[in-house]
Amino acid sequence: MKALILVGGFGTRLRPLTLSVPKPLVDFANKPMILHQIEALKAIGVTEVVLAINYQPEVMLNFLKDFETKLEIKITCSQETEPLGTAGPLALARDKLIDKSGEPFFVLNSDVISEYPLKEMIEFHKSHGGEASIMVTKVDEPSKYGVVVTEESTGKVERFVEKPKLFVGNKINAGIYLLNPSVLDRIQLRPTSIEKEVFPEIAAKGKLYAMVLPGFWMDIGQPRDYITGLRLYLDSLRKKASPKLASGTHIIGNVLVDESAKIGEGCLIGPDVAIGPDCVVEPGVRLSCCTVMRGVRIKKHACISSSIIGWHSTVGQWARVENMTILGEDVHVCDEIYSNGGVVLPHKEIKSSILKPEIVM
Amino acid sequence: MDSVDEKVVAVILVAGPSKGTRFRPLSFNTPEPLFPLAGQPMVHHHISACKKIPNLVQVFLIGYYDEREFALYCSSVSNELKVPVRYLKEDKPHGSAGSLYYFRDRIMEETPSHIFLLNFDVCCNFPLPEMLEAHKAYGGIGTLLVIKVSAESASLFGELVADPTSQEVLHYTEKPETFVSNLINCGIYVFTPNIFSVIHEVYRLREEKAYTRHVPNYESQQFAIRSLPTDFVRLDQDILSPLAGKKQLYTYETTEFWEQIKTPGMSIKCSALYLSRFRSTSPHLLASGDGNRSASVVGDVYVHPSARVHPTAKIGPNVSISANVRIAPGVRLKNCIVLDDVEIMENAVVVNAIVGWKSSLGRWSRVQANGDYDTKLGITILGESVTVEDEVVVINSIVLPNKVLNLSMQEEIIL
């Protein structure tokens, strides 16, 4: 079985992290974002994954060779020379997605994190016999998105309404699709929107069905949602009683600590924290609602909350970092500094406090 | 003294990416030393000036950027200016004197009698032949280019005190807290090869101190606090300061312009200075036009030959337009730099801004700033491939590459 992951472009919303690596390779819960999806696909028997990209293919390809061997799954890239929207890339990768088996293929949006109940989706798709299945998820503020209006009992999609002013429903497109090869015949090789052009066409013929995504869902394409997404993800690990979650007197709530990370005495870690490989958390440190990426050193007595600390950065002694502070790669916050929402680009040293949210270039 | 065999070598220190963070977002695309001022890469102005030195045989660019970043430029400028220009890559920063010393064998290859050292981020008139003559007359180890500035701004630089008759450097101090002098170091020097022995001596003394470190002294503690590696030797603090008052260092004062390019916004100011200098050195580089067959030009303007500017546009003063730019009818450009492959559509206005490579400005869009070179957002900067949609206004802002602006904004940094 095959799958396509829409990786797309520059990932500008996740800057400064995406100034160092392409977005799919930004770590989430101690693993590159795209690895979560590739592993979920591998688990249900997908043998080949195509990445639709239009930015920094060389960096992606190098990385992928690693995954290919470790996961024993074939990974190829389909490179757009011009942005093709959300449907065009499928046409571009046509030859890779269709084979003689006539099996349907998955399409995933790379910014999405969820439980990936792909096996259930395959069964759903078989049972309704339609041309395409999409996952929808319930949200509190549907008018921020595109709402999918469905027939309650069958899940048949009636229509899509973009950012509705009046309430028409609370389910939105979760960015996970299972499509029959015939869908490709509907997509031309030009910038096309799958939500605005392709799906409405299939829905009009009554052949598009939506399944409500069980479990959590988050679009982690921007820092605030990334932090919320981590909370949801760790929560789902807890529900599964995953052994990956850390435990101990110094741990509160859901915390993920890579086995190569070192945590000192007198620390208090959690809730909702992910500490990456080779990190060093010195004694007396308080961490909550934050992600600490590979190679970071947090010095003694520091306190970090609701922030993302980028690869190989350091946070000084007694520093306080909070309120959506995002440190890019190789950023060094000096001792005793306070950062309130500082967004710091890579390779910088912070020598004076940031009192209110500010971008440091 | 004035023998035909006296060869001169010029060294331009171009530093590396870690220093270049101050030039973001423009430095994401191009190393700062190659950013164009008045239509030519920053260091091009240095190298052109070096060409006027009699018996110049080689130019070296020393830095810790990747070689690839300078390969193309070096080969094209060597060709154009007919002098070998080579990029020498340091494995890590060694400090201004350390870098010079690190490559002493290459620099001394053709046994030059004099070596010019220039910092890439200074913008001035480069009176290099005159400096050389003065240096030969003084007979010291080195001569520094100096300039008088206001007392307030002097503390941003290296201040020195010079003897008014002999021009000898009596005292030198870097960025002092209290006022020492309003004469500052321009970052351009000429040395005799003895400078290498002086630098060597500093290394030797440090090794000695390292050996006898069981006696902690104030200086070795200072070093530890500043956390500089022992092979990092700065020209100003470590070499020149100790030489002051020993009849080895002299000054040559310039009364023409001098600026240090510390921020992207300053490149507009320096572009203006170079453009105005073109009037005397290379008037053919300046554009002209009265709105009939070609666009109206006000003041000093540079337009690359491949750029297309509609006759109804009004350009200047102080505008530099790079290659393949297309300027549509009715556009107004003032005090700005427009980089390669930009498209500016009908009736747009750009004032006090830098428009990054491949960007596109829509019809009736307005990109401007208050023009204050000293504030972070005083010059609007659009990074590479930024699209400003029709009728959108962008004021006093910085926009990182690959963004599409469909809403007006003021005083913002867009990542």
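Quick caveat, the model's predicted, so the values are computed rather than measured. Every chain is numbered from 1, with letters handed out A, B, ... down the list of sequences.
- For the residue pair B:D340 / B:N324, no side-chain donor-acceptor distance below 3.5 Å is found, with atom types taken as modelled.
- Inter-residue side-chain proximity for A:E80 and A:P89 is flagged as met; some heavy-atom pair is nearer than 4.5 Å.
- Atom CD1 of residue A:I337 and atom OG of residue A:S353 lie 4.5 Å apart, to the nearest 0.5 angstrom.
- Between the B:N352 side chain and the B:A369 main chain, a donor and an acceptor come within less than 3.5 Å of each other.
- No donor-acceptor distance shorter than 3.5 angstrom exists from the side chain of A:H301 to the backbone of A:K299, with no hydrogens or angles considered.
- Interface remark: A:L14 contributes no atoms to any contact with chain B (heavy atom separation under 4.5 Å).
- Residues of residues 399-407 of chain B that come within less than 4.5 angstrom of chain A, heavy atom to heavy atom, are B:L400, B:P401, B:N402, B:K403 in numerical order.
- Ionic pairing of A:R13 and A:D225 is not present here: no N-O contact between side-chain nitrogen and carboxylate oxygen is shorter than 4.0 angstrom.
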